[in-house]
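Below is one structure; the comments refer to it alone.
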Amino acid sequence: QLQASGGGLVQAGGSLRLSCLASGNIFSISDMGWCRQAPGKQREKVALIGSGGLTDYADSVKGRFIITRDRTKNTVYLQMNSLKPEDTAVYYCAATPFGTAHVTGVNEYDYWGQGTQVTVSS
């Protein structure tokens, strides 16, 4: 299972850090990442990190968001800085045992967390 936490309400320009703990019968995870879905929109890639530490970001968050991973804790983090109202969405953490998340950053994941709401006020 993947359990996400850290969402909330923040003013534009503020910061939040999301965490996602992988537990249970998830073994040999390769790629982990974050996606988001705003009302009326499709789920989209935010950021991902591979088993070797390589990262990839959506253009809309480059330079503002940082994804990191603590393999000893089976946890992935998303540090979100300089938040904008357009970052408002439900954020989902995701994982796959295959190193394929870089293809679309959304469709390759086998495991999904429950989602955490991030709301950025203007």
Side-chain angles (χ1 to χ4, degrees):
Q1 297 85 3
L2 299 177
Q3 185 169 5
S5 61
L9 173 64
V10 65
Q11 288 187 331
S15 299
L16 282 174
R17 189 175 85 150
L18 305 182
S19 301
C20 178
L21 170 65
S23 62
N25 294 322
I26 297 180
F27 299 104
S28 301
I29 290 176
S30 177
D31 298 351
M32 296 188 75
W34 292 90
C35 299
R36 66 187 181 187
Q37 188 165 17
K41 295 187 176 181
Q42 289 188 330
R43 193 169 296 188
E44 63 177 5
K45 176 185 79 175
V46 176
L48 63 93
I49 185 166
S51 59
L54 288 177
T55 58
D56 187 34
Y57 297 90
D59 288 343
S60 59
V61 307
K62 282 180 181 177
R64 300 188 298 122
F65 291 11
I66 302 172
I67 187 170
T68 57
R69 182 173 182 175
D70 186 337
R71 298 186 72 91
T72 65
K73 297 180 179 179
N74 285 334
T75 301
V76 64
Y77 304 95
L78 185 68
Q79 178 66 43
M80 304 185 294
N81 301 320
S82 302
L83 282 160
K84 304 176 181 179
E86 50 264 44
D87 294 318
T88 295
V90 177
Y91 283 69
Y92 297 90
C93 63
T96 175
F98 307 107
T100 56
H102 62 277
V103 177
T104 70
V106 178
N107 299 325
E108 297 76 23
Y109 294 115
D110 299 277
Y111 309 107
W112 290 89
Q114 80 283 11
T116 184
Q117 177 70 46
V118 171
T119 303
V120 184
S121 62
S122 57

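FYI, side chains are in, hydrogens and waters are out, and symmetry mates aren't considered; it's all heavy atoms of this structure.
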Counting only pairs under 3.5 Å, give me each side-chain donor-acceptor contact of residues 58-68, with atom names and distances, residues two or more places apart or in other chains.
from	atom 1	to	atom 2	distance (Å)
Asp59	OD1	Lys62	NZ	3.1
Ser60	OG	Arg36	NH2	3.4
Arg64	NH1	Ser82	O	2.9
Arg64	NH1	Asp87	OD2	2.8
Arg64	NH2	Ser60	O	2.8
Arg64	NH2	Asp87	OD1	3.0
Arg64	NH2	Asp87	OD2	3.4

| Taking the side chain from Thr88 and the backbone from Val120, do they hold a donor-acceptor pair closer than 3.5 Å? | yes
| Closest contact, heavy atoms only, Ala4 versus Thr116 | CB-CG2, 4.3 Å
| message | Going by ring pair (Phe, Tyr, Trp, His ring centres under 6.0 Å), name the residues that satisfy it together with Tyr109, two or more places apart in sequence or in a different chain. | response | Trp112
| Partners meeting disulfide bond (SG atoms under 2.5 Å apart) with Cys35 (sequence neighbours left out) | none
| Going hydrophobic residue to hydrophobic residue with side-chain gaps under 4.5 angstrom, can you get from Tyr77 over to Met80? | no
| field | Residues that Leu54 engages under side chain to side chain contact (heavy atoms under 4.5 Å, CB included), provided they are two or more places apart | value | none
| task | Enumerate the residue pairs fulfilling disulfide bond (SG atoms under 2.5 Å apart) with a member in residues 80-122, sequence neighbours excluded, ordered by first and then second residue. | result | Cys20-Cys93
| query | Which residues satisfy the side-chain hydrogen bond (donor to acceptor under 3.5 Å, both in side chains) test with Ser122, sequence neighbours excluded? | reply | none
| task | Establish whether Val118 and Val106 are linked, either directly or via other cluster members, by ILVMFWY side-chain heavy-atom contacts under 4.5 Å. | result | no
| request: Could you pull out all residues at least two apart from Gln79 that satisfy side-chain hydrogen bond (donor to acceptor under 3.5 Å, both in side chains)? | output: Asn81
| So which pairs with a foot in residues 45-56 pass salt bridge (Lys or Arg N to Asp or Glu O under 4.0 Å), sequence neighbours left out? | Lys45-Asp56
| Between Leu18 and Leu21, is there a shared hydrophobic cluster once you connect ILVMFWY residues whose side-chain heavy atoms come closer than 4.5 Å? | no
| query | Which residues pass the side chain to side chain contact (heavy atoms under 4.5 Å, CB included) test with Val90, sequence neighbours left out? | reply | Tyr92, Gln117
| message | I'd like to check Arg69 versus Ile29 (side-chain heavy atoms, cut-off strictly below 4.5 Å). Are they in contact? | response | yes
| Pairs involving residues 2-13, ordered by first then second residue, that meet side chain to side chain donor-acceptor pair (under 3.5 Å) (sequence neighbours left out) | none
| note | Tightest non-hydrogen contact, residues Ser51 and Asp31, listed as N-OD1, 3.8 Å
| Cluster question for you: counting only ILVMFWY and a side-chain heavy-atom cut-off of under 4.5 Å, with indirect links fine, are Leu48 and Met32 together? | no
| field | For Leu2 against Tyr111, the heavy-atom pair lying closest together | value | CD1-O, 3.5 Å
| Pairs where residues 101-116 contributes a residue and the test salt bridge (Lys or Arg N to Asp or Glu O under 4.0 Å) is met, not counting sequence neighbours | none
| field | Minimum heavy-atom distance between Gly6 and Leu16, given as atom pair plus value | value | O-CD2, 4.0 Å
